[in-house]
Asker: 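Once you've had a glance at the structure underneath, I'll fire off some questions.
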Amino acid sequence: MTRAKQQSGSLANIPDAILEQAFEWAVVLGSGVSRDADRDAFAAWLDSDPLHRTAWGRVQLVEQEFAAPRLDAAVGRVALAKADAKRRKKRRWTTGTGGLLTVLLAVVLVFGEPFHWQADYRTATGEQLHLTLPHGGTLWLNSKSVVDIETEGARTLVHLRRGEILLDSSKVPAAIKPQVVTAHGRFVPIGTRFVVARRDGVSELAVIDGRVRAEAHKGSTADIIAAGRGWRLDETGAGILPASGLEPGAWVDGVIEADNAPLSAVLDALAGYRYGWLHYESDIAALRVTGVFRLDDTDSALNALTATLPIRIERTTPFWVRVTHNTNP
Amino acid sequence: MSTVVAAGVGTLYADHGDWLRAYLMRRAACPHTAADLSQDVFLRLLGRQSLPPLQEPRAYLARIAHGLLIDQRRRQALEQAWLETLASMPEVVAPSAEERALILDALARIDALLDGLKPRVRQAFLLSRLDGMSYPTIAAQLGVSLSTVEKDMARALRHCYNVLLG
């Protein structure tokens, strides 16, 4: 396949996925507000595969095009915008039919699907986002999450693509309460506050207040789930989600609240707030944990766990952490 | 002409000449132009004192070709816009004739890289990469969310990459 690609004239040899990672790193490192943790994670990425280095080198070639030492940035920027605007104006005049088509398309879009718009939001590692939805209701995004928000008339659909959200729709009139959609089903609130998460091919629901109607895409299952209960939807259907021992949505307050929770659940939640890899051995997964752990300092949280549990933390680098059974405490 | 350079260019031509023609064919208006420009790239290399060590010879050739693909009309339009901008900012010191050529060359390359991007994406990217502004500042200045700025940056990088090396 690589050969075919090369013959067609591409530079080839770097999978698109790796190239995308290189773009993402260039975005992070060029933010002007990147942190030591970002740079360390980047260094780990760069070292983990020779192709990463090649991809990074190419992205740097692109970046170098913008390093024009004698150029006054403001003058350059304005001149480029001016030249572009003139070109656009000219194109508009010279491509009359194209312009007309655009207008027709716009008419179809405006009149065909009234008041339809879509926006997507995402959070990086360790980041949370708090949004007010177009027709009321409050949405929180946990770390590493992606949603598309779509409105059709007075209805708001929150498509959860990845990660975890908390939706509070208690103050929104019943008829226009925002709904949550995942690959596995739809969650329709009945006066409420609830959490939806996507993990490993499953959509998980935890209801905090009120009730939620859960409808699986597959089959015709629909159930009404009450506060304090959990529900799961996947490819095969729906069923009760056993309590994890973690307080649902506690992350909105910046913490994990564990009440006799398995250690694996706590570590998985902490991993969502860390760069790099957090591994643990299966023989410690079922150890029980009770306590409150802060998400803004996951290293302290890990250390706190060693105080009460027979476990040991091995930090090869800050981004490569293993949790193992401590046989001689 | 150095024999080392000549030998190096010979190898580049043998290994990547066809590839470069294909690269130019996808970008130039007609096949003749593509063939001519490909010759120009190698001629330019022959005129150099030395060749840098090349880990990515095709990327190197592509960057030279990118500069040659910028047409004269586009360059002139950009020069015009730059002179107008300079005139409207009397506080900026006018560069010397020598600097001017370098600046216009860099601007033309940037202009060609960004062509086809939406104005907001262009502006966000230039505020970051030319002015060195942080994303939160850009978000505030353009009145968009931080995640929009981040998405614009990725979009602009991907676009420039495809123009230059894709």
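Since the model is a prediction, treat every value here as computed from it, not as a measurement.
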Asker: So, taking the atom named CD1 in B/I110 and the one named CZ in A/R77, what distance separates them when rounded to the nearest 0.5 Å?
Answerer: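 Output value for this atom pair is 12.0 Å.
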Asker: Checking heavy atoms, do the side chain of B/L107, its backbone, both or neither come under 4.5 Å from chain A?
Answerer: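 It is both, since atoms from each part get that close.
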Asker: Which atoms of B/P95 are under 4.5 Å from chain A, going by heavy atoms: the side chain, the backbone, both sets, or neither?
Answerer: neither
Asker: About how many Å separate CZ of A/F66 and CG of B/L114, when rounded to the nearest 0.5 Å?
Answerer: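 Answer for the CG-CZ pair, B/L114 versus A/F66, is 4.5 Å.
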Asker: Could you tell me which portion of B/F125 (side chain, backbone, both or neither) has an atom closer than 4.5 angstrom to a non-hydrogen atom of chain A?
Answerer: side chain
Asker: Residues of residues 136-145 of chain B under 4.5 Å from chain A (heavy atom pairs)?
Answerer: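 At a heavy-atom separation under 4.5 Å, chain A is reached by B/P136.
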Asker: Kindly check if the number of other-residue, nucleotide or ligand heavy atoms within 6.0 Å of CZ (B/R158) is above 12?
Answerer: yes
Asker: Name the region of B/L117, side chain, backbone, both or neither, that has any atom closer than 4.5 Å to a heavy atom of chain A.
Answerer: backbone
Asker: What heavy-atom pair brings B/A81 and A/A79 nearest, and what distance separates the two atoms?
Answerer: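 Closest approach of B/A81 to A/A79, heavy atoms only: CB-O, 3.5 Å.
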Asker: Would you say that A/V78 contacts B/E84 through its side chain, given a criterion of any heavy-atom pair below 4.5 Å between the two side chains?
Answerer: no
Asker: Which atoms of B/L126 are under 4.5 Å from chain A, going by heavy atoms: the side chain, the backbone, both sets, or neither?
Answerer: both
Asker: Drop me the distance from B/K151's NZ to A/Y121's OH, to the nearest 0.5 angstrom.
Answerer: 8.0 Å
Asker: What part of A/L129 gets closer than 4.5 Å to chain B, counting heavy atoms only: side chain, backbone, both or neither?
Answerer: neither
Asker: Quick check for you: among B/R122, B/R21, B/E79, which has the greatest number of heavy-atom pairs under 4.5 Å with chain A?
Answerer: B/R122
Asker: As an exercise: rank A/E24, A/E20, A/E127, A/R122 by heavy-atom pairs under 4.5 Å with chain B and give me the winner.
Answerer: A/E20
Asker: B/R129 versus A/E65: any side-chain heavy-atom pair under 4.5 Å?
Answerer: no
Asker: Let me know if B/L102 has heavy atoms under 4.5 Å from chain A in its side chain, its backbone, both or neither.
Answerer: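 The answer is the side chain of B/L102.
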Asker: Please give me the minimum heavy-atom distance between A/V62 and B/C160, naming the atom from each residue.
Answerer: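 Result for this residue pair: CG1-CB, 3.5 Å.
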Asker: As an exercise, state the distance from CG of B/L78 to CG of A/L80, rounded to the nearest 0.5 Å.
Answerer: 5.5 Å
Asker: Please report the interatomic distance CG(A/D84) to CG(B/D115), rounded to the nearest 0.5 Å.
Answerer: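 Between A/D84 CG and B/D115 CG, I get 7.0 Å after rounding to 0.5 Å.
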Asker: May I ask you to name which of A/V33, A/T54, A/V75, A/L19 has the most heavy-atom pairs under 4.5 Å with chain B?
Answerer: A/V75
Asker: Taking A/V28's backbone N and O only, do any of them form a donor-acceptor pair with B/Y135's side chain (distance below 3.5 Å, no angle check)?
Answerer: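 Judged by distance alone, no pair lies under 3.5 Å.
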Asker: Would you name the heavy atoms of B/L130 and A/G76 that are closest together and state the gap between them?
Answerer: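 So the minimum-distance heavy-atom pair works out to CD1-C, 4.5 Å.
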Asker: Between chain A and each of B/Q123, B/H16, B/M153, B/R109, count heavy-atom pairs under 4.5 Å; write down the option with the most.
Answerer: B/R109
Asker: Between A/A26 and B/L157, which heavy-atom pair has the shortest distance, and what is it?
Answerer: CB-CD1, 3.6 Å
Asker: Measuring from atom CZ of B/R73 to atom CZ of A/R87, what distance do you get when rounded to the nearest 0.5 angstrom?
Answerer: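 Going from the CZ atom of B/R73 to the CZ atom of A/R87 covers 11.5 Å.
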Asker: Name the region of A/T123, side chain, backbone, both or neither, that has any atom closer than 4.5 Å to a heavy atom of chain B.
Answerer: neither
Asker: Using side-chain heavy atoms (C-beta onward) and a distance below 4.5 Å, is A/K86 in contact with B/Q80?
Answerer: yes
